[in-house]
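In what follows, a structure is listed as structure tokens, so that the remarks can point back to it.
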Amino acid sequence: MLRSCVSRLRTLAVQRGLPGGAPLPAKDPWSPRVNPGAGRRERAAKPGCVRGDPRSFSSEVMHMDLSLPNPSWSEDMRLLFDQFMKKSEDGSWKHLPSYKSKFTQETEDIKIYFPDAKLMKEKLSQAQLFPRSLEEGLGFEYAMFHNCVEDRTVCIFQGGPYLQGVPGFLHGGAIATMIDATLGTCAVVAIGVAMTASLNISFKRPIPLGSVVVINSQVDKVEGRKLFLSCNIRSVDEKTVYSEATSLFVKLDPKTRLT
Ligand SMILES: CCCCCCCCCCCCCC(=O)SCCNC(=O)CCNC(=O)[C@H](O)C(C)(C)COP(=O)(O)OP(=O)(O)OC[C@H]1O[C@@H](n2cnc3c(N)ncnc32)[C@H](O)[C@@H]1OP(=O)(O)O
């Protein structure tokens, strides 16, 4: 199912030309830029994400970018968003849009990875990206920005009241979800469709419910299909480190089908 999330977002990214919405950027910010067979130093250090996979995808898309500000966002969240949008003006950072979508039977990734594409089609039509599945302001409010030169993804995140664990603080599973989503995004933009193979989190300080935090992730090393990434979660003033994590993502092998 998480494969479907990756695939779905990829589909969305390719299809995100919005009627009446924001114009398409010159280059697709979701396109992988790393040759999985190459070491880190050998990768192209181009100032922008380069489309590496020409496969096309087809789906019905709900044309609403859920990573744009909404009334539930606090002032801190809006200020940070504006700061990163400003940084994106020279192309060094790219805002990564996020949509909900429905697959059709034509979606290429389904055909590649799932043995029974027909069966999957019905299941996938009901599915939603997990962190985008709660109503506005109640769960995961976030926006991500990627720096293609530095292989870094930053997520600004505000956790709503449905993510409570210990009273007044975020649930560890919700924190892990956003860490995984940020690292996963960083991995997918860098290398293409990949899944979490391992994730190690150190929870250092509890995150107050409703507060805004910044998740900084980066690619540390690439070995063939393996991508090693790390991240930390800090307060907006950067004084508090809430969590740190390391992870391994593995780029999916198109010869191996998911069962
Ligand atoms: C554009 C699109 C946008 C998308 C938006 C993104 C949003 C994303 C947000 C959502 C993000 C959410 C993301 C999620 O939550 S993904 C959901 C959680 N993850 C999973 O369910 C993954 C389950 N596992 C698998 O499917 C397979 O095991 C994978 C695919 C990971 C590897 O199986 P595969 O058959 O392909 O690989 P291989 O066996 O040939 O091994 C290859 C190499 O890897 C090494 N290895 C493998 N496993 C491990 C391990 N556990 N520790 C250490 N090393 C490991 C292995 O030793 C070998 O190394 P080497 O011998 O070559 O040196």
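We count ligands from 1, going down the list as the structure has it; atoms in each ligand are counted the same way.
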Under 3.5 Å between some N or O of ligand 1 and some N or O of [X]?
| X | result |
| --- | --- |
| T185 | no |
| D180 | yes |
| K226 | yes |
| V188 | no |
| R225 | yes |

Polar side-chain atom of S235 near backbone of T240 as donor-acceptor pair, under 3.5 Å:
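Looks like yes, one N/O pair under 3.5 Å.
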R78 side-chain N/O to N70 backbone N/O, donor-acceptor pair under 3.5 Å
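Answer holds: yes.
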Ring centre gap for F130 and F140 strictly below 6.0 Å:
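So the answer is yes for these two rings.
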Centroid-centroid under 6.0 Å between F228 and F249 rings:
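So the answer is no for these two rings.
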Is it the case that R132 places NZ or CZ above or below the six-membered ring of Y142, under 6.0 angstrom from the centre and within 45 degrees of the axis?
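Positive - R132 is close enough to the ring of Y142 and near enough to its axis.
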Proximity flag G224 to ligand 1, non-hydrogen atoms under 4.0 Å:
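G224 does not count as a contact of ligand 1 under the 4.0 Å cut-off.
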Give the contacting part of L248 toward ligand 1: side chain, backbone, both or neither, where contact means a heavy-atom distance below 4.0 Å.
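Answer for L248: side chain.
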At less than 4.0 angstrom from any non-hydrogen atom of A197, what atoms of ligand 1 do you find?
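Numbered from 1, ligand 1 contributes 31 (C), 48 (N), 49 (C), 50 (C), 51 (N).
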Sub-4.0 Å atoms of ligand 1 with respect to non-hydrogen atoms of A181:
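Those qualifying, in numeric order: 9 (C).
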Hey, what do you get for OH (Y242) to CZ (R205), rounding to the nearest 0.5 Å?
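With rounding to 0.5 Å, OH (Y242) is 8.5 Å from CZ (R205).
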Can a salt bridge be assigned to the pair E89 and K87 using a cut-off of 4.0 Å between side-chain N and carboxylate O?
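No, no charged N to carboxylate O under 4.0 Å.
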